[in-house]
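Working notes for the structure below.
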Amino acid sequence: NRRLVCMHSVALIITRRPRSNLRLSLESRRRLSTRNLSKMAGNIVIRLDEFAMRQFDDPNYVGTRIFMDKTEFMKKVNELVKDAPLRDGYAPFCKHIFIPNFLPGLKVGAMPITPDNVHLVRSGYKARTEKELPVLMRWFPREAVEVPDAKFLDLILYSYDQVVKENAAMGNTMTTDKFDWGLISIKGQLEDYETPMTPITVMRNALGKEEGGSGVPLERAKYMEAVEYRE
């Protein structure tokens, strides 16, 4: 059995389906992601969103940590995405770009829970930002497990208009520079396709922009897919 839980620097997947069924499901998802190509990224301008800066700055961030200067990271990203396709995300304003991991030692943001490490799982209430409500999360202390290096980076992008709307709803001040897409999250993965978001993220998005979500209504099927992936 596989599981995914969160840790201080890594999130772990939990799914009770047999591994063969899980691989089949994820392979189907990869084929679907490949069909949902929007266009090549080309000369688009991607700006690092403030929401993603915690992956560089917060030592307790739960997920993929980035140990590189932000400016240098974005310079490299904007070079690599020119020949990469934009893939459709969960809403029209969301896109994904998958690029090879170019950071030595960068770890995946998700890994299995096994009988050997389940006793290391921790839980508690955490908020992604000071303005969001804390929610119940699970994680491994980063020093307690051996985490594999990521093969790919999933660059999660929001359109300029969506970034403006969400910042306005949260009372955040934005710079006046123009860009095409805001980089709101970087996921280190072994896969080169989108994996289901956490159920609480699906639910938070439905709560609305004022609570740190995107305002996309909850779809029961999508929510249950996320639960199945991590259960």
Side-chain angles (χ1 to χ4, degrees), residues 4 6 11 13-15 25-26 28-39 41 44 46-55 61-64 81 85-98 109-110 125-138 153-174 179-187 189 191-231:
L4 257 184
C6 288
I13 296 178
I14 302 170
T15 163
S25 175
L26 294 182
S28 299
R29 208 177 162 84
R30 183 194 67 77
R31 291 197 298 268
L32 179 62
S33 176
T34 302
R35 289 200 301 269
N36 287 342
L37 299 182
S38 176
K39 61 179 181 179
I44 63 173
I46 300 175
R47 194 198 73 172
L48 183 66
D49 188 72
E50 185 176 350
F51 186 73
M53 292 184 185
R54 58 204 179 116
Q55 294 185 241
Y61 175 75
V62 178
T64 301
V81 302
L86 281 170
R87 299 188 181 185
D88 293 339
Y90 73 100
F93 56 76
C94 177
K95 301 293 182 184
H96 294 258
I97 297 180
F98 296 89
Y125 285 87
K126 291 184 174 292
R128 299 183 303 181
T129 71
E130 294 181 354
K131 296 183 179 181
E132 292 185 357
L133 295 172
V135 298
L136 186 62
M137 299 181 66
R138 299 176 294 180
L153 299 182
D154 176 6
L155 308 177
I156 304 176
L157 311 176
Y158 275 13
S159 68
Y160 174 82
D161 288 343
Q162 181 68 17
V163 171
V164 170
K165 291 175 183 177
E166 292 193 13
N167 276 280
M170 296 293 289
N172 298 330
T173 301
M174 285 187 58
F179 54 92
D180 299 304
W181 298 92
L183 177 57
I184 59 119
S185 184
I186 306 119
K187 289 174 60 182
Q189 299 187 167
E191 308 89 351
D192 62 348
Y193 52 87
E194 180 188 3
T195 57
M197 65 180 72
T198 61
I200 189 59
T201 302
V202 178
M203 189 170 291
R204 190 196 302 275
N205 281 339
L207 287 177
K209 301 179 183 66
E210 294 77 8
E211 298 297 338
S214 62
V216 173
L218 188 148
E219 293 184 38
R220 182 179 179 85
K222 292 289 187 183
Y223 182 83
M224 294 309 298
E225 179 186 36
V227 170
E228 185 179 9
Y229 184 63
R230 296 168 196 281
E231 180 56 50

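Annotation for P196 and A226: closest pair CB-CA, 4.1 Å, computed over non-hydrogen atoms. The nearest pair of heavy atoms linking A52 to S185 is CB-N, 4.1 Å. Heavy-atom minimum distance, G182 versus V163: CA-CG2, 4.2 Å.
Checking side-chain atoms of Q55 against main-chain N and O of Y61 turns up no donor-acceptor pair under 3.5 Å. A distance-only check finds a donor-acceptor pair linking the side chain of K131 to the backbone of M170 [under 3.5 Å]. Q189 places a side-chain N or O within 3.5 Å of a backbone atom of E191 that can act as its donor or acceptor partner.
Rounding to the nearest 0.5 Å gives a distance of 6.5 Å between CD of E194 and SG of C94. L48 CG to I184 CD1: the interatomic distance, rounded to the nearest 0.5 Å, is 11.0 Å. Separating the CD1 atom in I200 from the CG atom in L136 is a distance of 8.5 Å, to the nearest 0.5 Å. Expressed to the nearest 0.5 Å, how far OG1 of T201 lies from OH of Y223 amounts to 10.5 Å. To the nearest 0.5 Å, the span separating CH2 on W181 from CD on Q162 amounts to 10.0 Å. Atom CG of N172 sits about 6.0 Å away from atom CD of E50, to the nearest 0.5 Å.
Side-chain contact check for D161 versus F93: every heavy-atom pair is 4.5 Å or farther apart. Proximity of K187 to T195: side-chain heavy atoms (C-beta onward) are separated by under 4.5 Å at one or more points. Annotation: side chain of I156 is not in contact with side chain of I186 (no heavy-atom distance under 4.5 Å). Residues L133 and L207 form no side-chain contact, since every pair of their non-hydrogen atoms from C-beta on lies 4.5 Å or further apart.
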May I have the list of side-chain donor-acceptor pairs in residues 212-220 shorter than 3.5 Å, sequence neighbours left out?
from, atom 1, to, atom 2, distance (Å)
S214, OG, Y90, OH, 2.8
S214, OG, N205, OD1, 3.4

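Considering D180, D88, D154 as possible partners of K95, the one that fulfils the salt bridge (charged side-chain N to carboxylate O under 4.0 Å, His left out) test is D88.
Annotation: side chain to side chain donor-acceptor pair (under 3.5 Å) contacts of K165 (sequence neighbours excluded): none. The salt bridge (charged side-chain N to carboxylate O under 4.0 Å, His left out) test applied to R54 returns no partner, not counting sequence neighbours.
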Check your understanding: What do the steps show when you test F51 against R128 for side-chain contact (heavy atoms from CB on, under 4.5 Å), and what is the final call?
Key -> CA-CA 9 Å; F51 186 73; R128 299 183 303 181; 3.6 Å; yes
